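This is a predicted model, so every value here is computed, not measured.
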Amino acid sequence: MLYALLALAVFGLVTSTVFTGMVLWAVPGYLRERRMAYAQLDHPPGFTPPLSLLKPLHGAEPGLEAHLITFFEQDYPAYEILFCTRTADDPGLAIARRVAARYPQIPVKFFSTGEPPYINAKVRSMELMEEAAAYDILVISDSDVRVSPDYLRAVALPFADPRVGGLTCPYRGVAAEGGFWARLEAVGMSVEMTSGVLVARMMEGMQFTLGPTMAFRRETIRRMGGFRVTADYCADDFILGNETYRLGQTIVLSHHAIDHMVINASLVQSLKHQVRWMKSTRFSRPKGHFGTALTFSMPFGLLGLIAGIAVHHVVVGIGLFAWAVASRLALSIAVGNWVVGDRDWFNLLVLYPMRDLMGFCFWAASYLSSKILWRGRVFRLLPGGKMRAAG
């Protein structure tokens with residue numbers, strides 16, 4: 001039995017190392033594309049069509065004011081910002097109004113939906129903003145995002161190609177208020193999420209978008225039936241990207257990484273958020289999610305260490321554990337530092353191996369229940385990624 005566990009550990013380390021190798025193979029190509037994009041941006045004015053920036057909000061999240069300011073300080077000739085909440089007295093909307101008052105040169109519109117007609121409440125916000133948007137390229141970003149002044153220039157650039165219907169940005173996790181659990185979640189965003197995206201792009205092309213930043217042509221959104229196509233889905237970002245792909249249009253993974261702020265400071269908040277994320281992936285992409293188990297290395301390294309010691313092959317056990325750690329450190333540096341520009345070396349070199357082990361636990365937990373807690377309500381996920389209110 002112990003030797004069977006040792007064999008399982010070796011098998012898992014081989015598969016996770018293959019995954020690491022695929023990521024490392026994809027990184028140079030991505031970095032080469034980024035250098036080419038930077039070269040284009042260095043020759044102003046470049047491609048700078050007017051843009052409509054859509055910002056759904058929900059409450060006064062930590063640091064919201066500072067994050068919103070970064071969208072008003074864009075080095076971009078013409079754009080507008082549209083904000084929408086469920087209620088007119090939402091504190092997040094009040095913060096947005098306060099920030100907008102400091103930047104009168106930026107056109108801003110404010111909306112509230114009332115009680116939304118869809119299970120995914122954000123969809124009604126997106127519909128209202130799209131209807132009122134003045135321009136035909138729609139840039140959508142979550143409230144917990146922070147960007148640099150060249151963000152909109154980078155997002156607009158790929159749309160110079162008429163074949164491009166959608167775009168999404170990679171992101172690095174940033175613990176908004178510090179804290180151990182938030183930093184663990186943040187490094188998972190920087191490394192684990194981006195690694196999976198790079199491999200998916202290499203194997204089958206971009207067939208999805210990532211919620212922190214998405215951009216679409218208005219024509220693309222209307223051809224797929226409007227934002228309401230995501231009305232019953234939890235992973236609306238995946239659906240919007242997938243529908244764009246089904247229309248035969250290109251989705252671009254931008255060279256520009258943004259900051260995704262982690263606001264779940266406590267252990268319980270962080271666990272709930274990450275398990276919900278895993279459950280959403282399980283129902284949206286069940287086959288790919290099942291195979292994700294073989295991309296983690298630390299659980300197999302730990303299993304190898306324990307089994308090796310138990311069968312009195314201590315050196316073998318230590319070697320397997322070291323193999324696992326080395327695999328994760330390679331991902332941390334190549335993806336976390338080189339691709340998304342995460343500069344927190346403690347997170348990358350110390351916390352990420354721990355986060356890899358936790359990631360496997362979240363993966364396992366995603367099969368324990370189909371229920372998720374989202375915006376204070378409990379929903380049940382259904383095959384295909386749809387959800388309904390849980391009774």
Next on the checklist: Hydrogens and angles aside, do Y352 and E192 bring a side-chain donor and acceptor to less than 3.5 Å of each other?
Outcome noted: no
Next on the checklist: Would V99 and F72 count as a side-chain contact (heavy atoms from CB on, under 4.5 Å) here? Give the steps.
Outcome noted: CA-CA 8 Å; V99 173; F72 283 89; 3.6 Å; yes
Checklist outcome for this item: Here the gap from H273 atom NE2 to I263 atom CD1, rounded to the nearest 0.5 Å, amounts to 8.0 Å
Next on the checklist: Taking the side chain as everything from C-beta on, heavy atoms only, tell me whether V252 gets closer than 4.5 Å to F159.
Outcome noted: no
Checklist entry - Does the pair E130/R222 count as a salt bridge with the N-to-O cut at 4.0 Å? => result yes
Next on the checklist: With a 4.5 Å cut-off on side-chain heavy atoms, are F362 and R355 touching?
Outcome noted: yes
Next on the checklist: Could you check whether any side-chain heavy atom of P353 comes within less than 4.5 Å of a side-chain heavy atom of L329, counting everything from C-beta outward?
Outcome noted: yes
Item to check | R163 versus T250, side-chain donor and acceptor atoms under 3.5 Å | outcome: no
Checklist entry - Above 12 or not: heavy atoms from other molecules or residues under 6.0 Å from CE of M36? => result no
Checklist entry - Would you say the side chain of M206 lies within less than 4.5 Å of the side chain of T168, judging by non-hydrogen atoms? => result yes
Item to check | Criterion ring-ring contact (aromatic ring centres under 6.0 Å, His included) on Y233 and F238, from CA distance to verdict | outcome: CA-CA 9 Å; Y233 289 89; F238 173 81; 8.8 Å; no
Checklist entry - Should L320 and L6 be marked as a side-chain contact (heavy atoms from CB on, under 4.5 Å) after you check the CA-CA gap, both sets of side-chain angles, and the distance that decides it? => result CA-CA 9 Å; L320 293 176; L6 194 61; 3.7 Å; yes
Item to check | Donor-acceptor contact present, side-chain Q74 to main-chain L152, <3.5 Å | outcome: yes
Item to check | Beyond-backbone contact of D342 with N337, side-chain heavy atoms, under 4.5 angstrom | outcome: no
Item to check | Donor-acceptor contact below 3.5 Å, side chain T113 vs main chain R124 | outcome: no
Checklist entry - Side chains of S141 and L53: closer than 4.5 Å at any heavy-atom pair? => result yes
Next on the checklist: With heavy-atom distances below 4.5 Å as the criterion, would you say the side chains of I251 and F208 are in contact?
Outcome noted: no
Item to check | R146 with D259: basic N within carboxylate O range, under 4.0 Å | outcome: yes
Next on the checklist: Can you tell whether the side chains of K55 and D142 come within less than 4.0 Å, N to carboxylate O?
Outcome noted: no
Checklist entry - Knowing that exactly one of H289, R282, K279 qualifies, which makes a side-chain hydrogen bond (donor to acceptor under 3.5 Å, both in side chains) with S366? => result H289
Checklist outcome for this item: Closest heavy-atom pair, R218 versus A134, reported as atoms and distance to 0.1 Å, is NH2-C, 3.9 Å
Item to check | Student check: side-chain heavy atoms of F296 and S16 closer than 4.5 Å | outcome: no
Item to check | Flag if over 12 foreign heavy atoms under 6.0 Å of CZ, R228 | outcome: no
Checklist outcome for this item: Residues passing the ring-ring contact (aromatic ring centres under 6.0 Å, His included) test with Y76, sequence neighbours excluded, are none
Checklist entry - Does the distance from a Lys or Arg side-chain N to an Asp or Glu carboxylate O, for D232 and R388, drop under 4.0 Å? => result no
Checklist entry - Does the distance from a Lys or Arg side-chain N to an Asp or Glu carboxylate O, for R201 and E33, drop under 4.0 Å? => result yes
Checklist entry - Quick one: do the D236 and N120 side chains pair a donor with an acceptor below 3.5 Å? => result yes
Checklist entry - In terms of side-chain heavy atoms, does T194 have a donor or acceptor partner in R172 at a distance below 3.5 Å? => result no
